[in-house]
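Nothing fancy with the numbering, it's 1 onward along the sequence. Numbering of ligands and ligand atoms starts at 1, following listing order.
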Amino acid sequence: MSKKAFGIDIGGSGIKGAPVDLATGELLAERVRIATPQPSTPDAVADTVAELIASFDIDDDMPVGVTFPAVIQAGVAQTAANVDKSWIGTDVDALLTKRTGHDVFVVNDADAAGIAEMTFGAGQDTSGVVLVVTLGTGVGSATFVDGRLVPNTELGHLLLHGDSAEKYMASSIREKEDLDWETWAGRLQEYFSHVEFLFSPTRIIVGGGVSKKHQKFLPLLDLKTEIVPAELRNEAGIVGAAALARHEQKSLKKAAKKAKKAGKTSDGKSDEKSAKKAAKKAAEKSEQQAGEKEKVKREAAK
Ligand code: BGC
């Protein structure tokens with residue numbers, strides 16, 4: 001299997017994608033951007049994703065990684081901050097796999113950017129707790145412990161002044177309120193001091209489009225933690241999603257092979273599908289169990 005995969009970044013205003021060389025983290029072709037349909041319902045976005053992939057000449061079995069600005073568990077969107085609410089409860093993997101014919105794996109957008117930074121950018125060779133914080137329309141976070149992702153940490157929704165921090169210090173808020181760099185940096189200082197106190201990270205990596213202008217605000221921050229700009233910038237989501245997709249497809253193929261050996265199914269394609277289904281079922285079961293445990297704990301505390 002060649003070290004290639006396709007990455008797609010779904011954002012509020014644009015859907016961007018390109019094939020990625022996973023040996024280097026570089027795009028294999030110029031990325032294509034299509035405006036996000038409005039309203040950005042699952043059906044409309046799925047059509048755009050299919051159109052985007054079709055504009056490239058890629059192998060049918062190339063895995064596709066897709067970023068999405070939501071909590072993602074076992075391929076299902078659990079939240080929808082800054083996108084159409086009809087995404088909540090949608091099995092994004094299943095929808096896009098069906099619509100595109102490729103194996104599609106969805107991942108939280110900040111987690112994807114984090115994977116890219118850890119593999120090819122400012123997080124390489126780090127250990128301990130590393131936080132990647134993306135400043136954009138919303139604020140995303142990816143948390144790594146000794147290089148391993150703790151998914152869906154959603155640190156943009158930490159409470160600050162009684163509301164989600166992102167409503168106070170996202171890059172979009174700086175633009176909307178026309179804040180100068182010093183004023184915005186003051187807000188970032190409050191946020192990052194809080195995050196630093198909670199997590200004692202070894203490094204904070206700041207991503208999102210505004211990280212191109214890091215000289216305007218990072219030097220104004222006074223933290224104990226080393227805070228650095230992301231290195232992949234705009235392409236981080238595409239690269240991280242592609243890396244994740246290849247990794248997931250490989251695991252599925254392995255699981256399918258194992259199942260085939262055990263004589264469970266006969267053709268490779270349906271093996272993969274059943275492996276994906278089985279993995280999803282297992283994740284759902286463990287979520288359900290976690291929910292049950294919580295319930296028991298709450299009952300016990302009464
Ligand atoms: C969402 C996150 C997302 C971030 C950046 C937040 O509002 O809750 O899931 O990672 O925005 O897009």
For Glu117 and Glu231, indicate whether the former's side chain and the latter's backbone hold a donor-acceptor pair under 3.5 Å.
-> yes

May I ask you to check if ligand 1 and Thr134 share an N or O to N or O distance below 3.5 Å?
->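 So ligand 1 has no N or O lying under 3.5 Å from an N or O of Thr134.
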
Side chain, backbone, both or neither: the part of Ala70 lying under 4.0 Å from ligand 1 by heavy atom = backbone

For ligand 1, which part of Val139 has a heavy atom less than 4.0 Å away: the side chain, the backbone, both, or neither?
-> backbone

Answer whether the closest heavy-atom distance between the side chains of Arg174 and Phe217 falls below 4.5 Å.
->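 Sidechains of Phe217 and Arg174: no contact.
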
What residue and heavy atom of the protein are closest to atom 10 (O) of ligand 1, and at what distance?
->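 Among all protein heavy atoms, the one nearest atom 10 (O) of ligand 1 is Asp109 OD1, 2.5 Å.
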
Roughly how far, to the nearest 0.5 Å, is the CG atom of Leu96 from the CD1 atom of Ile10?
-> 6.0 Å

Between the side chains of Ser55 and Glu51, is a donor N or O closer than 3.5 angstrom to an acceptor N or O?
-> no

Might you work through the side-chain hydrogen bond (donor to acceptor under 3.5 Å, both in side chains) test for Ser86 and Thr41, ending with a clear yes or no?
-> CA-CA 6 Å; Ser86 57; Thr41 56; 5.6 Å; no

Heavy-atom distance to atom 7 (O) of ligand 1: which of Glu166, Gln78, Glu154 wins?
-> Glu166

At less than 4.0 angstrom from any non-hydrogen atom of [X], what atoms of ligand 1 do you find?
{"X": "Ala81", "value": "1 (C), 7 (O), 8 (O)"}
{"X": "Gly140", "value": "4 (C), 5 (C), 10 (O)"}
{"X": "His157", "value": "1 (C), 6 (C), 7 (O), 8 (O)"}

Provide the closest heavy-atom pair for Arg187 versus Tyr168 in the form atom of the first, atom of the second, distance.
-> NH1-O, 2.8 Å

